Protein chains: 2
Amino acid sequence: MEASLKDRDYEQVLRKAGVRITRQRQVILRVLSEASDHPDAMELYQRASALDSSVSLTTVYRTLKLLQEKGEIHRHAFEGGPARFEPADSEHHDHLIDLDTGQVIEFESEKIEALQREIARELGYDLIHHRLELYGRKL
Amino acid sequence: MEASLKDRDYEQVLRKAGVRITRQRQVILRVLSEASDHPDAMELYQRASALDSSVSLTTVYRTLKLLQEKGEIHRHAFEGGPARFEPADSEHHDHLIDLDTGQVIEFESEKIEALQREIARELGYDLIHHRLELYGRKL
DNA sequence: ATGCACTTGCAAATCATTTGCATTTAAAAG
DNA sequence: CTTTTAAATGCAAATGATTTGCAAGTGCAT
């Protein structure tokens, strides 16, 4: 299963950073790596505690923060709702949010990326990161 | 003063919408129209209550929501901080946030706008609105 | 002037997230 | 394997931003 491969990846990173691999963390890492949607903390908590009832929402939040700091996951605060998460392993991309369903669609545009860097530079800034979200409805 | 002109504008819109012009709202409208930075609710509350101590934070929030619904102001939830507001009268623009000072710089790029619409369409979506924020540091 | 629906301030509620603390546990050391 | 101990956990309470219930106050059409 690809999931266990990814789990291992997370664990390696965490171990290397001197972080203990607890039972709860294993479950959360598994759930995270199996998610292809962009779940929020509560959703992850529900999926995790279904596998192991000893997982608490607090630990989900703490683990998410940890992984975020290690750069293993990305946190997205989309409009009107809790933050949603996704593994960081894929290529950089931005998001289109379906206003009716909340579904998140990923896309990338090197043209836009380039324009952003150019604009920042023109304003005298070094672009550290950006947030580009499109909100739309199915045609 | 330009401020009083804008105040009047806000009042017209609100009156037309059947909204009562209270003393508190007048002060909040004035403070909003005089702001050229992008203040948050607490900042607006402080500026407003300095002019009229009867203004409460609750009313600031209620008025902001009201104006937002009428399309008179824009609310921006930038990363890591409370929402910030600005009058809606100017042209559409996006924002560059100085990571060190929190300063907000406005910019616009018709190229990026066009690309966004194009991307949404390619994904089968009608673009309703978007959020483009650049986070950077002075060169 | 008068009435009443709209507004207000305050306190309490909400929502997402974080933190304090006493208890448990991973995993390094022996 | 045991011991040791700093790190991690769950729970409850705290936070920060914003909203809401409610009793009291007030625009403004008549």
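Naming: A, B, ... by sequence-line order, numbering from 1 per chain. Just so it is clear, the values below take in all heavy atoms, side chains as well, and ignore hydrogens, waters and symmetry mates. Quick caveat: nothing in here was measured; it's all calculated off a predicted structure.
Looking at heavy-atom distances under 4.0 Å, A/Thr58 makes contact with a base. No contact: A/Val60 has no heavy atom under 4.0 Å from any strand.
OP1 or OP2 of C/dT7 has at least one side-chain nitrogen or oxygen of B/Arg25 nearer than 4.0 Å. B/Arg15 has a side-chain polar atom (N or O) that falls below the 4.0 Å cut-off from OP1 or OP2 of D/dC28. Contact between the side-chain N/O atoms of B/Lys65 and the OP1/OP2 oxygens of D/dT19 is found at a separation under 4.0 Å. Residue B/Tyr61 has a polar side-chain atom (N or O) positioned under 4.0 Å from OP1 or OP2 of D/dT18.
Following rounding to the nearest Å, B/Leu67 (CG) and D/dT18 (P) show an atom-to-atom distance of 15 Å. Distance, B/Asp52 CG to D/dT26 P: 12 Å, rounded to whole Å. Summarising the geometry, the separation between OH on A/Tyr45 and P on C/dA16 is reported as 15 Å, rounded to the nearest angstrom. Whole-Å rounding puts the B/Phe78 CZ to D/dG16 P distance at 22 Å. Here the C1' atom of nucleotide D/dA12 and the CZ atom of A/Arg62 are 12 Å apart, to the nearest Å. Taking atom CG on B/Leu14 and atom P on C/dC6, their separation rounds to 15 Å, with Å as the unit. Summarising the geometry, the separation between CG on A/Leu57 and C1' on D/dC11 is reported as 12 Å, rounded to the nearest angstrom. Rounding to whole angstrom units, CE of residue B/Met42 and P of D/dA17 are separated by 7 Å.
Sequence order on DNA chain D of the closest nucleotides to A/Leu66 and B/Ala41 puts A/Leu66 first from the 5' end. When each of B/Pro82 and A/Val55 is assigned the nucleotide of DNA chain D bearing its nearest heavy atom, the one mapping closer to the 5' terminus is A/Val55.
Listed candidates were C/dT7, D/dT9, C/dT17. Nearest to the side chain of B/Val19 is C/dT7. If you check D/dC28, D/dT20, C/dT17 against the side chain of B/Ile21, the one that comes closest is D/dC28.
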Next on the checklist: Applying side-chain contact (heavy atoms from CB on, under 4.5 Å) to A/Leu134 and B/Tyr125, what does each step give before you reach the verdict?
Outcome noted: CA-CA 10 Å; A/Leu134 306 184; B/Tyr125 278 82; over 6 Å; no

Next on the checklist: Before you tell me yes or no, could you show the steps for B/His93 and B/Phe107 under ring-ring contact (aromatic ring centres under 6.0 Å, His included), namely the whole-Å CA-CA distance, both residues' side-chain angles and the distance that decides it to 0.1 Å?
Outcome noted: CA-CA 5 Å; B/His93 56 255; B/Phe107 69 86; 8.6 Å; no

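The two residues B/Ala41 and B/Leu64 make their nearest non-hydrogen contact at CB-CD1, 4.0 Å. Considering all non-hydrogen atoms of both residues, A/Arg84 and A/His38 come closest at NE-O, 2.6 Å. Between B/Val19 and B/Arg25, the closest heavy-atom pair is CG1-NH1, 3.1 Å. Residue B/Pro39 comes nearest to B/Leu44 through the heavy atom pair CG-CD2, 3.6 Å, listed as atom of the first residue, atom of the second, then distance.
Residue-to-nucleotide contacts include a donor-acceptor pair under 3.5 Å from the side chain of A/Arg20 to the base of D/dA6.
The pair B/Glu11-B/Arg20 does not count as a salt bridge, with every side-chain nitrogen at least 4.0 angstrom from each carboxylate oxygen.
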Item to check | Base-pair map of DNA chain C as dot-bracket, where | denotes pairing with a different strand and pairs are Watson-Crick or G-U under 3.5 Å | outcome: ||||||||||||.|||.|||||||||||||

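Of the possible polar contacts, none joining the A/Ser53 side chain to the A/Ser49 backbone as a donor-acceptor pair under 3.5 Å is found.
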